[in-house]
Amino acid sequence: MVSLAELNYVLPAAISIFTLAMVIYTYRVMKGPTVPDMVLALDALTVDLIVLFMLITLYYGTPYLAIGAIPLSAWVFILDIFVAKYLLEAKKK
Amino acid sequence: MIHIPLLIGSIGSTAALIAAILAMFEKDLLKAIVLSGIESIFTAFLLVVLLAPDLLIAYVAVGLGINSVILIYALLRGERYEE
Amino acid sequence: MKSSTHAAISVTVALIFALTVAIALIKLGFAGPWVTQNINLANMFLTGVPVPHSCCFSASPEVVTSVIWDERGIDTFYETSVLFLAIIGTLYVLAGTFKARPTPEGMTLIVRVISKLVAPIIIVVSLSVALHGHLTPGGGFQGGAIFAVAPVLLLAGWGSSKLLSLGFERDTLLSLRVTGVLLIALTGIGTLIIGLLKGVNAYVFLNQPKPQAPIGYLGWISTPWGNIVLGGTLILLNIFEFLAVAAGFTLAILAVDSSGGGKE
Amino acid sequence: MTLEAIMWYYILATLMGLGAVGLCGMVCRPHMIKKLLMLTIFSDAIELIAVLAGYRISATQPPVYPGGVIQGFVFPNPQEAANFANSAVDPLPQVLIVTAIVIGLAVLLFLATLASQAGRKFGTQNLNKIEKRGE
Amino acid sequence: MVKSIYAYLIVGLILLGIYILYTGSVSMMELILGAIVGFSVAYIFTDEWIKKPSKLNLRRLSILIAYALKYFTVIEAKAHWSVVKAILSPKPSLKPAIVRVPYRVSDEYAIVTIANSITNTPGTVVVDVSEDKKALFVHWLFAEVTEDEEARKHISAEFESWAKLIFEG
Amino acid sequence: MIDQILFWFGVALLFMGGVLDVIASVGMNRFRNFYLRLHAATIGSIGGGVYPLVGVAILVLGLDVPSTFKYYITGSALISALIVVLTSPAGSHILAKAAHKSREVLPKPAIVDRLKEKEVNEE
């Protein structure tokens, strides 16, 4: 069995890679010239954060923080649909 | 050795602050809703870092999901641009 | 008043607010990063809740949910009532504007099929969160809030007529909501009634027997395969709260959607 | 002051800034939806400050005992409970904040429907324009 | 509400599996609770999920698994590599276009499988579906051809043959 | 032995996903137009989301921790990966459709645009 301590060689590198991606995505969301750009970058940011949640869970060594990943991944879809709904319905009037 | 959760927590709180300031000065309300979505998502991130799983589930389902849906529905009745 | 006056006042108020919070946090001795021990009240709950024969035993390893539904049970009941009133108020404000809407224009086949595939998965996950509320993080409110994601998806993809045909009708949801809140109240005063009948002392929202109040709910069942943990009132209250919150959110979203989208 | 303490105070300062931004936006901006957004931001800041006050850097666990399964869970003895209490964060702020989230949602739900009805009645949700119309 | 007991059992077992997977522990009590939850949710959603229960069999399931394995190793790797090259090269040679890709299946799951497979490979994104004209409108990053049939050969011919095997025929 | 293989396979998937995620975020900033960024976002959600999640799910199975810990994380990671695989393409699709139909963003550099031709024909 691989002990939990061995993970500590791997985790800081992985967390820093995903944090770097998180920062660049955040820059894109704040800069994005139009609304679809921002929502698209927010999707990618959310998926990135789900992985980061899992890594923090492993870092602390407690299972229960992973529980937020599923509603988060469903939320992305809801925001997409509702922004699209707004754009389609607001154009009509 | 540096304490990783507090480090990425401080990055997250900075991002939340910047997003909130941008949302305050934004004239386009739909963009403001998306920007406050970033703020909410970093709030959820800070809740993970600060070890609060109960709050995390409640916040992700309510603060992210239902709030944005209700606000977009309310915005459908009014106008999109401020001033 | 001019808008510049507004801005000046608000900035001042905000700064005063921030200073107050800072002073309160530092002077009142809340934890900083250097503290290695929790405050005494927190230690009392952390060491008392799952340990039998201690001061505040709730037969559950989940400290947060135990405190919510056991020590602060009546407070949480009022909070549920506030949510109930807010949803009733929403229905009242939107009264007279309801109509069932067919599939919204622009939602394609892909969105419809995917929302139909994802919704049951979300519902199963939310039920799991609610049923394990006394063991793992989560509980009735969290489960109900996750449940509400599924009707939102179906509503976006198919329109409210689909939800009505699946059985999410307004009267059914309202009666489920009322039933949930009533059952919470009944569970809370159950021990009181039994205590009155038996002639012993009892409290409202009493979970496990206490030295002054020797009656309580069933905490766990011992079987040859190990304990089956029920947590006394916790599992009952979680299920009823799930019922109330899930029905209430679905009702609110349905009302907001079916009162029309654009300007009239 | 250690590096951890500096980061802790930095997070506290940004969260107070977040609360200030929320309060300022709630007062300054005329659009109803913008006010509601700022209300949510303000309540987020308050919640996070409370949770931050209960956090310790020596803690590694949320206030939930590990290994909770519905069948076969063994209740801990006082010694295990004391060990657990040394490594868990403070549960009390989290308990208070769950209630705050629910109340916040109730308030937002009601105010958002009021704003939507105002948009239907006046044709706009901008308070400045509504005020002008009344004159 | 439930038209076919067979379909009901299968949907209930799928949901029971998801419950057990999420809960992360298997015991008698969990199985009982999961069965109650899974079969009661399946009671609402069976008719939504499955229209023709006679099509459910193990052969289609094994083809589906084989397709998923091939898709997530070989096809995804190729597509990722081409777009990663375009991102990292200093002057990428892009030819973006929205082309029309006709499809010849009628089952809704087959259409969604084709569309999601197209969108999930980087380089092609489905922008719109026309159900009456039986065509997908695809935004293509490296548009070599613009004619309908040629584009279909490049983009969706492989996915379509798999989808036909899984959901039709 | 099998634990070592599982662990290092999971770590390899995790790091591959991390590199792809950074590349996708760079591509998000390098591409000029919304319709080009759609492809970078696909890399971000599939290469940078699903593969690392599966990697975490596999990695945990090789660790020396209590079984409740293991299966809990594996279950959450696999289900969220499933939901991301199902919903992320549908989200991109409906967003692209709304942007195209409401003329919010125009697909500026494009060789042909069959969808616009179709809309023009219908009107």
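Throughout, a chain's letter reflects where its sequence line sits, starting with A, and its residues are numbered from 1. As the structure is a prediction and not an experimental result, all values here were calculated from the model.
- For A:Ile78, no part sits under 4.5 Å from any heavy atom of chain F, backbone or side chain.
- Atom CG of A:Leu20 and atom OG of F:Ser25 lie 6.5 Å apart (nearest 0.5 Å).
- Residue contact with chain F, scored on non-hydrogen atoms closer than 4.5 Å, is absent for A:Phe53.
- Heavy-atom minimum distance, A:Leu55 versus F:Val56: CD2-CG2, 4.4 Å.
- Taking every heavy atom of both residues into account, F:Gly17 and A:Phe18 meet most closely at C-CZ, 4.2 Å.
- At a threshold of 4.5 Å between non-hydrogen side-chain atoms, the residues F:Asp21 and A:Tyr25 count as touching.
- Rounded to the nearest 0.5 Å, atoms CG (F:Leu95) and CG (A:Asp43) are 7.0 Å apart.
- Note: A:Leu88 CG to F:Lys97 NZ = 6.5 Å, rounded to the nearest 0.5 Å.
- A:Thr62 touches chain F through its backbone: at least one of N, CA, C or O sits under 4.5 Å from a heavy atom, while the side chain does not.
- When all heavy atoms of A:Met54 and F:Ser80 are compared, the closest pair comes out as CE-OG, 4.3 Å.
- Contact annotation for F:Val65: only side-chain heavy atoms (C-beta onward) come within less than 4.5 Å of a heavy atom of chain A.
- Within the 4.5 Å cutoff, the side chain of F:Arg37 has heavy atoms near those of the A:Leu40 side chain.
- Atom CH2 of F:Trp8 and atom CD of A:Glu6 lie 5.5 Å apart (nearest 0.5 Å).
- If you measure heavy-atom distances from A:Val10 to chain F, the contacts under 4.5 Å come from both the backbone and the side chain.
- Between the CZ atom in F:Arg103 and the CG atom in A:Leu87 there is a gap of 13.0 Å [rounded to 0.5 Å].
- Here CG of A:Asp80 is found 8.5 Å from OG of F:Ser88. Values are rounded to the nearest 0.5 Å.
- Heavy-atom pairs under 4.5 Å with chain A were tallied for F:Ile2, F:Leu63, F:Ile43; the largest tally goes to F:Leu63.
- In terms of heavy-atom proximity, F:Gly44 sits nearest to A:Val47 at O-CG1, 4.3 Å.
- Annotation: A:Tyr60, atom OH; neighbour count of heavy atoms from other residues, nucleotides and ligands within 6.0 Å is above 12.
- Using a 4.5 Å cut-off between heavy atoms, F:Phe7 contacts chain A through its side chain alone, with no backbone atom that close.
- Within a 6.0 Å sphere centred on CZ of F:Phe15, other residues, nucleotides and ligands contribute more than 12 heavy atoms.
- Closest of all the heavy-atom pairs between F:Leu14 and A:Ala14 is CD2-CB, 4.1 Å.
- Only the side chain of F:Tyr72 comes within contact range of chain A, with at least one heavy atom under 4.5 Å from a heavy atom of that chain.
- Side-chain contact between F:Ile73 and A:Leu58 is present, with at least one heavy-atom pair separated by less than 4.5 Å.
- Proximity to chain A is limited to the side chain of F:Leu59, based on heavy atoms less than 4.5 angstrom apart.
- Annotation for F:Val84 and A:Ser73: closest pair CG2-CB, 3.9 Å, computed over non-hydrogen atoms.
- Chain F forms more heavy-atom pairs under 4.5 Å with one residue of A:Val51, A:Ile17, A:Ile50, A:Asp37 than with any other, namely A:Asp37.
- With a 4.5 Å cut-off on non-hydrogen atoms, F:Ala24 touches chain A through its backbone and its side chain both.
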So A:Phe77 and F:Ile83, side chain to side chain contact (heavy atoms under 4.5 Å, CB included) or not? Walk me through it. CA-CA 10 Å; A:Phe77 190 40; F:Ile83 294 182; over 6 Å; no
